[in-house]
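This chain uses plain numbering: 1 for the first residue, then up along the sequence.
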Amino acid sequence: MDVRNGPFHVVWFKRDLRPADHAPLAEAAARGPVLPLWIVEPELWRQPDASARQYRVFAEAAAELRVDLAALGQPLVVRVGDAVEVLEEIRARFGIAGLWAHQETTGAWGYARDRRVRAWARAHGIPFAEPRQNGAVRALASRDGWARRFEAFVRAPIVQLPRALAPLGLEPGAIPDERDLGLAPDPCPGRTRGGRRAALALLASFLSGRAETYRCAMSSPLAGWEACSRLSQHFATGALSIREAWQAAQAARNTAAKPLREGIDSFLTRLAWHSHFIQKLETEPALEHRALHPAYEGLRSDGAGTERFERWAKGETGWPFLDACMRCLSETGWLNFRARAMLVSVASMHLWLDWRAVGLHLARLFADYEPGIHWSQVQMQSATTGVNTIRMYSPIKQSEDQDPEGRFIRRWVPELADIAAPAIHRPWLIGVRGYPPPIGDANALAARARERLWGVRRGAAYRAVADEIQERHGSRRSGLRQVGARRPRRPTVDQPVLDLEA
């Protein structure tokens, strides 16, 4: 058979831009000629949670994947357009023997797109296989036993690369840049480069030494840059699989000294939490735009365009640590978990902004945006889940606790570069020209939010609905503890102090 004339097995790469531990690629290659395909969908990148910085991470990973697949014989083929239209063009021209893709837990647009592709494949009698990509389970009936299923998944053998791919002789197609897609300018000069090579280098340096301070330093805005794994954007693009990271961490743990071993233990636990939160969106896609507990629906409505939102979004609230975190995120695309949680908490509680508007703004800034984790955490930190402890982050206390000397503040808020600690945490007390006064009294705003939120919880039907939510989404924490090598410190019911980037 002349492979140039088809039919091909099409492997559709989405959020899995790697050649290794890739079940669709390996399974398709065992059955015949493979067309490895990445579809750049302009409509996807026009969604309100998408940004040019995110696209650049994916484009860099795709460029490396193209090189890796070319070394096997057939480079990655890139096409721009609607997924169904691109696939139909391939079917009409060559025929498609089978369509292969990992399951993808994504937002409403992605779910709808995948349903259209499945309907198209059924209409043309094309087998469409979608194996799991991480610990999330499609059509999960119950959370009981979920931790055991996660552990079985990450312990399974890593899927090996195909020995070779038959060259198809197709034009590979150019990888467009963000301007070709009409994306808004989005400079992010401090962003970490995407792609598998960067992912493997970060994993190696973390497991060989950086993880030693992971437990104690992950909450620090300064030390977290080195102590955290920084693998988040590589998990988001799939340049590195959760299984690969989990097995590498287990292997490193077996020979590590105690401090390093304890850091790796925390990392292993957080890999389980990573899939736990993605499972929430997989089980209930509506949590992207609807409060998990309906009693909180409509409680807050203010968003973009209001003074409070714009000052928060620009890092001009007058609360130095919060402003430093927002400006750091804008320039680098990354923050440690505690800083992310504080940005959401202060916006939705102190400033009483709608969590959806807050979540969309942050989604666009996160170069490592992972929809499942993001929306689950935005709702958790906004206290709309109905089952998590209401936890408020004081922008002043966090400043004093996490940046006592003010070094992080001075780095990102140059208006305060000459202010020493402790005055830098409350610059309005001394008056600083060029820096705005605080947007309000943090304690008074917190007290008002607390009263409103707890008032909702006192409703007659609140508890029954919360129990249903806990049954549907609860972590069954004892099982999650067993996945890692040790129980994490300071456990709280389904509210881990975790590094979101894991």
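Judged by distance alone, with hydrogens and angles left aside, the side-chain atoms of Asp21 form a donor-acceptor pair with the main-chain N or O of Val159 at under 3.5 Å. Remark: the backbone N or O of Glu151 is not paired with any side-chain donor or acceptor of Arg155 at under 3.5 angstrom. When atom types are taken as modelled, the side chain of Arg308 and the backbone of Leu351 share a donor-acceptor pair closer than 3.5 angstrom. Proximity of a side-chain donor or acceptor of Arg300 to a complementary backbone N or O of Ser348 within less than 3.5 Å is detected. His374 places a side-chain N or O within 3.5 Å of a backbone atom of Gly359 that can act as its donor or acceptor partner. With Ser376 contributing its side chain and Ile373 its backbone, the two residues share no donor-acceptor pair below 3.5 Å. Although no hydrogens or angles enter the test, the distance criterion places a donor-acceptor pair under 3.5 Å between the side chain of Glu288 and the main chain of Ala108. Looking at Glu284, its side chain never comes within 3.5 Å of a backbone N or O of Glu282 through a donor-acceptor pair. Side chain of Asp180 to main chain of Asp177: a donor-acceptor pair is present (N/O by atom type, distance under 3.5 Å, no hydrogens or angles). Formation of a donor-acceptor pair under 3.5 Å by the Ser205 side chain with backbone atoms of Leu202 is found in this model.
At a threshold of 4.5 Å between non-hydrogen side-chain atoms, the residues Val40 and Ile175 do not count as touching. Under the 4.5 Å side-chain criterion, counting only non-hydrogen atoms from C-beta, Pro19 is in contact with Arg196. Side-chain contact between Leu365 and Ser51 is absent, with no heavy atoms from C-beta onward closer than 4.5 Å. At least one side-chain heavy atom of Leu362 sits less than 4.5 Å from a side-chain heavy atom of Leu329. No side-chain heavy atom of Glu370 sits under 4.5 Å from any side-chain heavy atom of Phe277. Leu335 has its side chain out of reach of Pro221: every pair of non-hydrogen atoms, C-beta onward, lies at least 4.5 Å apart. At least one side-chain heavy atom of Phe267 sits under 4.5 Å from a side-chain heavy atom of Leu231. Side-chain contact check for Trp334 versus Thr192: every heavy-atom pair is 4.5 Å or farther apart.
For Thr385 against Ile469, the heavy-atom pair with the smallest separation is O-CD1, 3.5 Å. The two atoms that bring Ala223 and Ala217 nearest to each other are CB-CB, 3.7 Å, heavy atoms only. The shortest heavy-atom contact between Gly474 and His276 is C-CE1, 4.3 Å. Minimum interatomic distance between Ala383 and Met349 (heavy atoms only, all atoms of both residues): CB-CE, 3.7 Å. Taking every heavy atom of both residues into account, Ala83 and Glu41 meet most closely at CB-OE2, 3.5 Å. Across every non-hydrogen atom of Leu76 and Ala62, the tightest pair is CD2-O, 3.7 Å.
Here CZ of Arg53 is found 10.5 Å from CZ of Arg364. Values are rounded to the nearest 0.5 Å. Arg197 CZ to Asp68 CG: the interatomic distance, rounded to the nearest 0.5 Å, is 4.5 Å. Thr105 contributes atom OG1, which lies 6.0 Å from atom CZ of Arg138 (distance to the nearest 0.5 angstrom). Here Trp412 contributes atom CH2 and Ser330 contributes atom OG; the two are 9.0 Å apart, rounded to the nearest 0.5 Å. With rounding to the nearest 0.5 angstrom, the CZ atom of Phe153 is 8.5 Å from the CD1 atom of Ile242. Atom CD1 of Ile96 and atom CD1 of Ile126 lie 4.5 Å apart (nearest 0.5 Å).
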(request) Report the C-alpha separation of Arg132 and Val137 in whole Å, then their side-chain angles, then the decisive distance to 0.1 Å, and conclude whether the side-chain contact (heavy atoms from CB on, under 4.5 Å) test is met. (result) CA-CA 7 Å; Arg132 288 168 64 189; Val137 180; 3.9 Å; yes
(request) Go through the steps for Asp16 and Leu25 under the test side-chain contact (heavy atoms from CB on, under 4.5 Å), then give the verdict. (result) CA-CA 11 Å; Asp16 52 353; Leu25 178 62; over 6 Å; no
(request) Evaluate the side-chain contact (heavy atoms from CB on, under 4.5 Å) criterion for residues Arg143 and Lys280: first the C-alpha distance (whole Å), next the side-chain angles of each, then the deciding distance (0.1 Å), finally the verdict. (result) CA-CA 10 Å; Arg143 270 299 185 114; Lys280 293 189 178 193; 4.0 Å; yes
(request) Evaluate side-chain contact (heavy atoms from CB on, under 4.5 Å) for Ile39 paired with Trp12, printing each intermediate quantity in order. (result) CA-CA 8 Å; Ile39 305 174; Trp12 178 19; 3.7 Å; yes
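With respect to Arg118 and Glu130, a salt bridge is recorded, a charged nitrogen being found less than 4.0 Å from a carboxylate O. Ionic pairing of Arg340 and Asp368 is present here: one or more N-O contacts between side-chain nitrogen and carboxylate oxygen are shorter than 4.0 angstrom. Arg261 and Asp265 are not joined by a salt bridge, as no carboxylate oxygen comes within less than 4.0 angstrom of a charged side-chain nitrogen.
Ring geometry for Tyr296 against His293 counts as perpendicular: the plane angle is over 60°, on a 0 to 90° scale with 30° as the lower cut.
Shown are Glu331, Gln233, Glu60; of these, the side chain to side chain donor-acceptor pair (under 3.5 Å) with Arg191 is made only by Glu60. The only member of Tyr369, Trp355, Trp312 that meets ring pair (Phe, Tyr, Trp, His ring centres under 6.0 Å) when paired with His361 is Trp312.
Of the N and O atoms on the side chains of Gln279 and Trp146, at least one donor lies less than 3.5 Å from an acceptor on the other residue.
Under a cut-off of 6.0 angstrom, the local environment of CZ in Arg116 is crowded, with over 12 non-hydrogen atoms contributed by other residues, nucleotides or ligands.
Aromatic ring centres of Trp45 and Phe58: separated by under 6.0 Å.
With a 6.0 Å cutoff to the six-membered ring centre and a 45° limit on the axis angle, Arg457 counts as a cation-pi contact of Trp454. The cationic atom of Arg122 (NZ for Lys, CZ for Arg) does not lie both less than 6.0 Å from the six-membered ring centre of Phe128 and within 45° of the ring axis.
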